[in-house]
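Let me begin by presenting the structure, written as structure tokens, before commenting on it.
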Amino acid sequence: LSPSNRVIFQLARPEEQKEAGVCASLRVPPKTWTHIAISRTPDRIRIYVNGLLAGEREHNLLPTPLKPTSSLKIG
């Protein structure tokens, strides 16, 4: 969460490549269960908060192949 209680999602990319991310327009209420979902198509990243579209961004990034030992990092 950013300081304003908005979720920010970014795809991890090597430093020399352009970042791709999206910031939710809806605030996450404190001490309340909140469902957050991310969807990615070949040209768009979307973030949903409690089922409502809260932000989207176009991109032109190719998928990065992951090793079977790779893990999701949150933080």
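All values below come from the heavy atoms of this structure, side chains included, with hydrogens, waters and symmetry mates left out.
Atom OG1 of residue Thr34 and atom CZ of residue Arg27 lie 13.5 Å apart, to the nearest 0.5 angstrom.
By the criterion of side-chain heavy atoms lying less than 4.5 angstrom apart, applied directly or through intervening Ile, Leu, Val, Met, Phe, Trp or Tyr residues, Val22 is not grouped with Leu26; the two fall into different hydrophobic clusters.
Around CG of Asn60, the count of heavy atoms belonging to other residues, nucleotides or ligands within 6.0 Å does not exceed 12.
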Show me the donor-acceptor pairs within less than 3.5 Å that the side chains of residues 46-56 make with the rest of the protein, sequence neighbours left out.
from, atom 1, to, atom 2, distance (Å)
Arg46, NE, Glu56, OE1, 3.2
Asn50, OD1, His35, N, 2.9
Glu56, OE1, Arg44, NH1, 3.2

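In this structure, Ile8 and Cys23 approach most closely via the heavy-atom pair CG1-SG, 3.8 Å.
The main-chain N or O of Thr41 is found under 3.5 Å from a side-chain atom of His59 such that the two form a donor-acceptor pair.
Asn5 places a side-chain heavy atom less than 4.5 Å from the side chain of Pro30.
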